[in-house]
Amino acid sequence: MSDEEYFEQLVSNSLDGTLTDSEREKLEEHLAECPSCAALKQDLEQMRAWFAEEVETPEGLHEGIMQKLEQETKLRVVQPEKPVRRMPVFTMVAAAAVVVLVVLGGGLMPAFSTVDSARSGNTTAASDGAAAADTAGQAVADAAEDAGLTAGSEENAGAAVAPSEGGQTVQSRNSVPENSAAAPQDSAGSTVEQSTGGSSAAQTTDDEVWAELQPNTKGVADSSAEQAEPKVNIALAEAQPSIKLPSSLSGTSVAHCYFADGGKEIPDIDGQLVATVDGISWFLLDNNMTTLQDTLTRVEDAGFTVSAYENVGLTIDSKAASWLLIVQTAA
Amino acid sequence: MDDKHILVRAKRGELDAFEELVRRYEKRVYAVALRSSGSPEDAADIVQEVFLRAWRSIESFRGDSGFSTWLFRITMNMCVDFARHKHAQPQTQSIVDEEENERQVPDTAPTPEEHLENRELGRELAAALEEISEEHRRIVLLRDVSGMSYTEIADVLEISEGTVKSRLSRARIALRKVLLRRGNLFLSAASNQSKGGGDA
């Protein structure tokens, strides 16, 4: 260290009050005869004063932080009420479920006269399935009304509308109206549960409508699924694996679950690739901040859209050793 | 109650306990974020993100270092990330933002003029900080804004205390050079006398 550097460091240390007695003496002697170092000391003191100046924290800072944390906590414990972005997996499954219900219900209720047009729109791709679901969702609502399920009951009327709104969210993922976000998701959620799990538990008024439809549709489900109904099967085949966990993951607890889509190539993921099914890859990663942060950034940089996703049927446990990343690559 | 007791509870997922940690550190984290970004709005965003990340990963915090060390490591990374993202944005956008920000200065205490001055100074300091190296920026923020001791800084940056001393000295001198060039130090009465001092 040159003399100059030595005294510069002493000047800097003097701001922090960390000089020894002998250092302080040396510095004082030096400052008396070196205007350059004396000026440095003054400038550094000024800078220090600027930086150390009391900062006025804005009103609502604490509340803002806590609000974010509470949202996050809710997301961990229960399903997200309002996800940041609609996920294609979710909407595809919802679409498929609505199509199935409508198609299967069609044989039993004359009111489902629009089903044929929904089916014909559902020939090739899953996106067609989504479009059909919109029509189908409307058909469910209409049918429910026609069938007298909603008669005289305000609650049921609301419930009957819900599936059709669900249909709308399916149709236009990117232009979901804010006000339709909460309720339709619940109804769509219950649809998915029942069509995949076969549960007919009815908890809400939404469910009541579905429960009324369910016993009828269930009986037909098995036979008609086996029969020639390829369009529906295609939609289901594409949609189901996305919600069905790879068997190697069942029973696993994860700390977080994120879903990424929209990118073409998966970047290097510093974790275990558990399975790849139909273009969807499932990774388990160490549950620590660095891994989480780095990985999500890397995935986003690779052109993917990442959103929290807790609807996967796994136990979310913040103490779990791993977290799950589901990546769907664009075709 | 000390940080450790609260930490145990926060690690179990008790948000009330974590809120106590937020209360203890939010002001310091905000000060660092403000000095780093130069904008109260950006600083508030950074603070929210820092605590959100801390909360998300609190269960994996092993406690080898103190909570504040860990938290300020997150803060430093967030500030650096934020500055990088801001740089990546088109210039015209930020100019428009700045103009809007100026128009939106609230006429609350202290006084509008003082507020504007503080804001202006804050922006100048942030701009000057951006001109020095990342390494230097971090150490100045930790010492001069957050008020950490050499030992704490050594923990956060994972360097020796000797290195803290020498790096801090070089960082301050580098920053002074920038401030002199930008004409900021000449604004102060103290450094008017030191015009000849130049680049030491």
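In the text below, chain A, chain B and the rest are named by the order of the sequence lines, each starting its count at 1.
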If you round to the nearest 0.5 Å, how far is CD of Q48(B) from CG of L61(A)? 7.5 Å

For W50(A) and N184(B), work out which heavy atoms get closest and say how close. CH2-O, 3.6 Å

Have a look at S12(A) and tell me which of K165(B), R172(B), R170(B) forms a side chain to side chain donor-acceptor pair (under 3.5 Å) with it. R172(B)

Working to the nearest 0.5 angstrom, can you tell me the gap between L15(B) CG and M66(A) CE? 4.0 Å

Is there side-chain contact between R35(B) and E53(A), with heavy atoms separated by less than 4.5 Å? yes

If contact means a heavy atom pair closer than 4.5 Å, which residues of residues 17-33 of chain A contact chain B? T18(A)

Rounded distance [0.5 Å steps], CG in L34(B) versus OG1 in T57(A): 10.5 Å

Out of L10(A), N287(A), N13(A), return the one with the most heavy atom pairs under 4.5 angstrom to chain B. N13(A)

Quick check: do K27(B) and E54(A) have side-chain heavy atoms less than 4.5 Å from each other? yes

Below 4.5 Å from any heavy atom of chain A, which atoms of Y30(B) appear? Answer side chain, backbone, both or neither. side chain

Check step by step if side chain to side chain contact (heavy atoms under 4.5 Å, CB included) holds for D43(A) and L180(B). CA-CA 9 Å; D43(A) 284 351; L180(B) 282 169; 4.1 Å; yes

To the nearest 0.5 Å, how far apart are CG in L15(A) and CG in L168(B)? 8.0 Å

Do any of residues 265-276 of chain A have a heavy atom less than 4.5 Å from a heavy atom of chain B, and if so, which, in residue order? none

Under the ring pair (Phe, Tyr, Trp, His ring centres under 6.0 Å) test, which residues partner Y150(B), sequence neighbours left out? none

Which residues in residues 128-144 of chain B have any heavy atom lying under 4.5 Å from a heavy atom of chain A? L129(B), V140(B), R143(B), D144(B)

Between CD1 on residue I65(A) and OH on residue Y25(B), distance to nearest 0.5 Å: 14.0 Å

Can you tell me how far OG of S169(B) sits from CG of L44(A), rounded to the nearest 0.5 angstrom? 8.0 Å

